[in-house]
Amino acid sequence: VVYHIRADRLIIHCPVCREPQRHLPTHLARRCMAGQSEEARREQVKAARASQKAWSEKGRVWDFGEIRQWCPEPAGRYGLLRRLLDNNFIVLNLPEEEELLALQAESARPLPCAGEQVRPEAAGPSTVLGDCQLVLRRAQQEILVLTKSLQEGRHVTDAEKTRFRYYCEAVLILKLLLSPSTVENLTAKEWLERRPSHDNHVIVVHRPTAEGKPATSFGLTENDAALLQLYFSKIRPGNLKDRDLPDNQFFVGQSGSGIRSASMDVMRLHQHYRLPMVCSEDVRQVAARDVAELPEGPATVLRRYLGLAGG
Ligand SMILES: [Zn+2]
């Protein structure tokens with residue numbers, strides 16, 4: 001008899017002792033199910049093979065986006081990720097290397113002492129829109145102080161400037177429900193060419209978005225526009241030095257290059273305030289669900305805005 005299947009593909013864990021076995025039927029007959037009927041052993045072998053097959057097909061692949069939801073704490077998230085990667089699991093949607101390093105550093109930080117411990121609050125697709133936006137409320141006090149300092153030309157640390165930028169990105173993603181790619185690709189030119197409309201500032205995004213939708217526009221309140229303008233005039237130039245061009249990205253990191261992942265920036269803001277992560281997709285889903293309960297008029301407008309309805 002010629003066996004075409006390589007021996008190492010036949011390793012199956014014994015359902016009784018949980019040890020990996022190359023020849024499960026023999027192992028069961030001699031050890032774990034010795035003395036039981038051939039029929040009973042055959043059933044167990046069949047079930048163990050089905051289990052192994054299901055694991056190979058599905059169990060070996062994990063999605064970092066899901067890990068992020070299940071493990072809001074950086075230490076747990078990083079620990080689980082390490083274990084999966086060390087054991088040859090396949091992890092999809094991994095963050096960039098430098099972002100992994102940031103997660104590693106964050107996970108190595110000591111836990112807050114009992115007095116300042118923040119109780120993790122419910123997150124994920126089942127929460128209401130207000131819960132998804134909790135980080136904006138949590139950050140508000142610090143942002144108010146930073147706004148005043150920036151306006152009055154007082155010293156603001158690099159970390160605070162970066163957090164101010166994260167907050168601006170979070171407003172666009174969590175409050176205006178823009179997709180991360182729209183936020184990443186927003187240009188200085190588009191910002192400078194914004195036009196007033198009623199009490200709104202309308203920004204037209206000229207390029208097609210990553211989702212393949214045509215050019216689009218979004219409106220900002222006076223307050224949010226002032227926030228972004230403060231970032232644009234007081235923080236961004238310091239990052240860019242003398243390399244500014246109109247087509248440059250609106251959001252620029254400390255290194256002077258455009259941001260690569262607005263989602264990760266928003267995640268870092270959650271980490272800073274020790275809140276569980278909410279991804280932009282969750283927020284859009286929650287918003288879509290809440291919209292379904294609105295009366296027809298506003299619901300139609302919002303549905304179109306969220307890309308849930310044509311026209
Ligand atoms: Zn066994």
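We count ligands from 1, going down the list as the structure has it; atoms in each ligand are counted the same way. Numbers here simply count residues along the sequence, with the first being 1.
When ring centroids are compared, Tyr167 and Tyr231 stay outside the 6.0 Å threshold.
For the side-chain contact (heavy atoms from CB on, under 4.5 Å) test, residues two or more places apart in sequence or in another chain that qualify with Gln44 are Pro15, Leu28, Met33.
Put simply, the side chain of Glu160 gets close to the backbone of Thr157: a donor and an acceptor are under 3.5 Å apart.
Taking the charged nitrogens against the carboxylate oxygens, Lys175 and Asp224 do have a contact shorter than 4.0 Å, which makes a salt bridge. Taking the charged nitrogens against the carboxylate oxygens, Arg260 and Glu184 have no contact shorter than 4.0 Å, which rules out a salt bridge.
A cation-pi contact, defined as under 6.0 Å to the ring centre and within 45° of the axis, is absent between Arg68 and Trp70.
For the Zn ion (ligand 1), protein N, O or S atoms under 2.8 Å: 4 in total.
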